[in-house]
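Let me begin by presenting the structure, written as structure tokens, before commenting on it.
Chain identifiers are assigned alphabetically (A, B, ...) following the order of the sequence lines, protein sequences preceding nucleic acid strands; residue numbering begins at 1 within each chain. Fair warning: this is a prediction, and the values are worked out from it, not measured in the lab.
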2 protein chains.
Amino acid sequence: MSKKGWKPRAISGFPEWLPEERAVELRWFDTLRGIFESHGFANIETPSVEELDALLAKGETDKEIYVIERLQSEEGDDKSSRLGLHYDVTVPFARYAAQHFNALDFPFKRYQMQRVWRGERPQEGRYREFYQCDLDVINVDHLPLSFDADLAEVVLECLEALQVGPVRLHIANRKLLEGYLTGLRVEDYVAATRILDKLDKIGADGVVEQLQSIGLDQQTAERCLALSEIREEGTGFADRVRALGVENELLDQGIEELLFVMQHLGGHDSVIADLSIARGFDYYTGTVYEGKLLEYPDYGSICSGGRYEDLAGSFIKRKLPGVGLSIGLTRLFAKMRAEGKIEAGRKCPTDVLIVLPKEDHRPDLLQLARDMRSRGLNVELYHAPQKPKKQIAYAVKKGIPHVWFPPFGEGKPHEVKNMETGEQVVADPANWVPET
Amino acid sequence: MSKKGWKPRAISGFPEWLPEERAVELRWFDTLRGIFESHGFANIETPSVEELDALLAKGETDKEIYVIERLQSEEGDDKSSRLGLHYDVTVPFARYAAQHFNALDFPFKRYQMQRVWRGERPQEGRYREFYQCDLDVINVDHLPLSFDADLAEVVLECLEALQVGPVRLHIANRKLLEGYLTGLRVEDYVAATRILDKLDKIGADGVVEQLQSIGLDQQTAERCLALSEIREEGTGFADRVRALGVENELLDQGIEELLFVMQHLGGHDSVIADLSIARGFDYYTGTVYEGKLLEYPDYGSICSGGRYEDLAGSFIKRKLPGVGLSIGLTRLFAKMRAEGKIEAGRKCPTDVLIVLPKEDHRPDLLQLARDMRSRGLNVELYHAPQKPKKQIAYAVKKGIPHVWFPPFGEGKPHEVKNMETGEQVVADPANWVPET
């Protein structure tokens, strides 16, 4: 395979890892899968592409979409249905739920761990291709609020298991926010929400200024800000909101919902009611979540999500309310890696390297390897009858924890060497297991 | 999320599965991963895209490549490095090996299970997006022939474990073929090889005819055909080749290599030396493999691969010979599914559904669920205090095998119902485990 005049290089925004790093990433996937499934979530995968019309329907993201085209298109190619790589797995999940509606059982609890693509300019924490791990529950017509607490609990369990250091899950409620803003007679609720969502980035003065620029008087802008500044562990947020003097039914409903979720998460000290959280996407209608690393507050969100009124929208006639949370696995993994917080995994999964003393031992030792594999061990027979020193050096280089020495003569025993302690002992190949 | 005027539909060539089918596909991936790792292969993943120059370097595949483009490109976008979705994982592996050469340890044994994309017209067994599971060993300068046998053994173990019915792995050798053809003074060896590779599709007459069309006389064409018609279990092929009366060093070397591989695979009755196998890609230089389903001979190849002289070519100064095999997982899975040979998996991973008798039991039962999860069980607490009948119906609908009844009064015991047998017994939540 000669490729003249072309040099291999990394493509900006498309991360890839060495085997010992990938081993850790794989363990992360296993961990998440184990936790998701322990809570009864089923896995699905959707294609990497959707029709462009489906991807664009949500609006305002067109700039980020990668479309795919055949390098040499032919006559007869269907031009009407252009395809784009999905930029999240929510839009694909909505299409999936609608398309397979009659084959699914509700409440439908699913997780999806897939790559997504965004044609953004790469910068720290921003990738063009990255894994998202999404967890959603949807139901027909009505979905109990208890799922809003359940999902937060599952995701906190995941983040703890991944050992990414202390995290905090910030929770707010869009009804509370909308009720408050409409109570203040803010006309463009959506625009105001987007500005409030930027509190962390632009600061209090910036928020007030921008709110004034969309037509709010200073007093109203400051009352908006006052809500956004409420951050309380537990349920103390409710009194603080009520003290701000706005009253209406939607606001009350939002307060009640957030109280319910915070009460049900009472055991978790990594949860905080944070009314600055609004989330940009305008389809959230209740609970909204945003998770952050306490040690890296500037790194932004590592997981996010919320409650929505109707996933599949006009696709089908039934309403499908749901609640979802998404973990930005690549973002999180890359950050931990960059900060040196990831202890590299093993370079190869081999537990035991069997030394090959002579070529004519190969058939017997291949059988020995098979027998040990059938007992659940990962086993390699060294590939050539080289000097033992060279074979052992291979084990050292690859981080293989045990080297197996078959008998070097009639009646001699098998021996195994622990490469970490250097201890070499007689061992029975039929029942030896590595110390853990 | 309203998406007016657009209906959800499947995209031709981009398969997706229901949760109960995906559960089986996941089990397939787990099976392959377990076997690959038991033989000491490390996992890697490469990005979904490569630079177009890298993808095109191999030639003849340009028509199949999907390029990606930002829907709204901006000034300053780098036009010089167009990106394409990879159509296999061999080219990406070559780039990976060259790029990370100094960080890898050799012989490097890796597996890769990723989606690949080809812009072909979809038809049975042909997809535009599908999973390939690749296994390769590469080494610096020289790679022992024993790996050619090892790889075949690993892949046969995989196919057996996937329970796809009887399979046969056809093995040939490009040196043998090239030696034979050059011995017959066939000038365009590559073109002749491609024609011989089509024996299954166009038949003996077709092969002779096409060989004549590239300038071979009838007798030579028939002698080419005679080689291609050799199919022998074990090592009998060698005498039959020698009986055809061609002699040269390359042919001898090819015969010796194939003998070595067949001898080392002596235990496997699903292996056959089949000299019609040539494999289209011209980078194979020794052993070539092609696996087929015995029950569906017309379905074509379900796995394939071979030995190559130099993976990374001009990327780096060192030679990287290797041998690889690729399992067409989606092709195989889709065929088994279409033939009704796949027993659907579970609709959800839940082992036990805990009944929620009253809302105020929720905190205690959430704790019960947590405790059972900590013992390795997949547990759901039903989401609402509905009638037990309705809660049980949920378990039936989702195929959840056990329903847990917490005590319905002070001092009463917990009970668990086996949904398959209908048996309901008293059980201790602290140590109950499902029968297997």
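- For Gln263(B), no part lies near chain A; criterion is any non-hydrogen pair under 4.5 Å.
- Of all the heavy atoms in Pro47(B) and Glu129(A), the pair that sits closest is CA-OE1, 3.1 Å.
- Note on Ile11(B), Leu353(B), Thr46(B), Val67(B): by heavy-atom pairs under 4.5 Å with chain A, the leading option is Val67(B).
- Of all the listed residues (Met372(B), Glu25(B), His264(B), His39(B)), the one sharing the greatest number of non-hydrogen pairs under 4.5 Å with chain A is His39(B).
- Interface remark: Tyr394(A) contributes side-chain atoms only to the contact with chain B (heavy atom separation under 4.5 Å).
- Using a 4.0 Å cut-off between charged side-chain N and carboxylate O, Glu153(A) and Arg370(B) make a salt bridge.
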Go through the steps to decide whether Thr350(A) and Lys109(B) satisfy the test side chain to side chain contact (heavy atoms under 4.5 Å, CB included), and finish with yes or no.
-> CA-CA 11 Å; Thr350(A) 308; Lys109(B) 303 168 71 171; 5.9 Å; no

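- With a threshold of 4.5 angstrom between heavy atoms, Ala369(B) does not approach chain A through any atom at all.
- Checking side-chain atoms of Lys347(B) against main-chain N and O of Ala42(A) turns up no donor-acceptor pair under 3.5 Å.
- In this structure, the side chains of Arg128(B) and Ile68(A) stay at 4.5 Å or more apart for every pair of heavy atoms.
- Note on Asp351(A), Leu26(A), Asp105(A): by heavy-atom pairs under 4.5 Å with chain B, the leading option is Asp105(A).
- With a threshold of 4.5 angstrom between heavy atoms, Leu381(B) does not approach chain A through any atom at all.
- Using a 4.5 Å cut-off between heavy atoms, Val49(B) contacts chain A through both its backbone and its side chain.
- Nearest approach of Arg115(A) to Ser48(B), heavy atoms of both residues: NH1-OG, 3.2 Å.
- For Leu104(A), the part sitting under 4.5 Å from any heavy atom of chain B is the side chain, from C-beta outward, and nothing else.
- Here the shortest heavy-atom pairing between Tyr131(B) and Glu45(A) reads OH-OE1, 2.7 Å.
- Interface remark: Pro107(A) contributes backbone and side-chain atoms alike to the contact with chain B (heavy atom separation under 4.5 Å).
- Arg346(B) does not touch chain A: none of its heavy atoms, backbone or side chain, sits under 4.5 Å away.
- For the set Pro15(B), Gly376(B), Cys348(B), Ser146(B), the count of heavy-atom pairs under 4.5 angstrom toward chain A peaks at Ser146(B).
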Starting from the C-alpha separation in whole Å, work towards a yes-or-no answer on side chain to side chain contact (heavy atoms under 4.5 Å, CB included) for Leu18(A) and Tyr96(B).
-> CA-CA 9 Å; Leu18(A) 290 174; Tyr96(B) 184 95; 4.3 Å; yes

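- Residue contact with chain B, scored on non-hydrogen atoms closer than 4.5 Å, involves the backbone of Leu377(A) exclusively.
- Phe147(B) touches chain A through its side chain: at least one heavy atom from C-beta onward sits under 4.5 Å away, while N, CA, C and O do not.
- Taking the side chain as every heavy atom from C-beta outward, Val137(A) and His383(B) never approach each other to under 4.5 Å.
- With chain B as partner, the option from Val379(A), Ile44(A), Asn43(A), Val352(A) having the largest number of non-hydrogen pairs under 4.5 angstrom is Asn43(A).
- Proximity to chain A is absent for every atom of Phe36(B), based on heavy atoms less than 4.5 angstrom apart.
- The part of Tyr111(A) that comes within reach of chain B is its side chain, from C-beta onward, which places non-hydrogen atoms under 4.5 angstrom from that chain.
- Going from atom CD of Glu37(A) over to atom CG of Asn378(B) covers 6.5 Å, rounded to the nearest 0.5 Å.
- In this structure, CZ on Arg70(B) lies 6.0 Å from CZ on Arg121(A), to the nearest 0.5 angstrom.
- Taking CG of Asp150(B) as the reference point, atom CD of Glu380(A) lies at 9.5 Å (rounded to 0.5 Å).
- A pairwise comparison of heavy atoms in Asp30(B) and Arg33(A) identifies OD2-NH2, 2.7 Å as the closest pair.
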After noting the C-alpha distance and the side-chain angles of Leu71(A) and Arg82(B), does the key distance pass the side chain to side chain contact (heavy atoms under 4.5 Å, CB included) rule?
-> CA-CA 11 Å; Leu71(A) 186 57; Arg82(B) 286 179 79 195; 4.1 Å; yes

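- No part of Ile35(A) comes within reach of chain B, as not one of its non-hydrogen atoms sits under 4.5 angstrom from that chain.
- Annotation for Phe41(A) and Pro349(B): closest pair O-CG, 3.0 Å, computed over non-hydrogen atoms.
- Looking at Phe130(B), there are no atoms closer than 4.5 Å to chain A (heavy atoms on both sides), in backbone or side chain.
- Neither the backbone nor the side chain of Ile400(A) has a heavy atom closer than 4.5 Å to any heavy atom of chain B.
- At least one donor-acceptor pair closer than 3.5 Å links the side chain of Arg373(A) to the backbone N or O of Ser38(B).
- Between Ala98(A) and Pro8(B), the shortest heavy-atom contact is CB-CG, 3.8 Å.
- Ion pair Glu16(B)/Arg95(A) flagged as a salt bridge, since at least one NZ, NE, NH1 or NH2 atom sits closer than 4.0 Å to an Asp/Glu carboxylate oxygen.
- Only the side chain of Pro144(A) comes within less than 4.5 Å of a heavy atom in chain B; its backbone stays farther off.
- Atom CG in Leu83(B) sits 6.5 Å away from atom OH in Tyr66(A) (nearest 0.5 Å).
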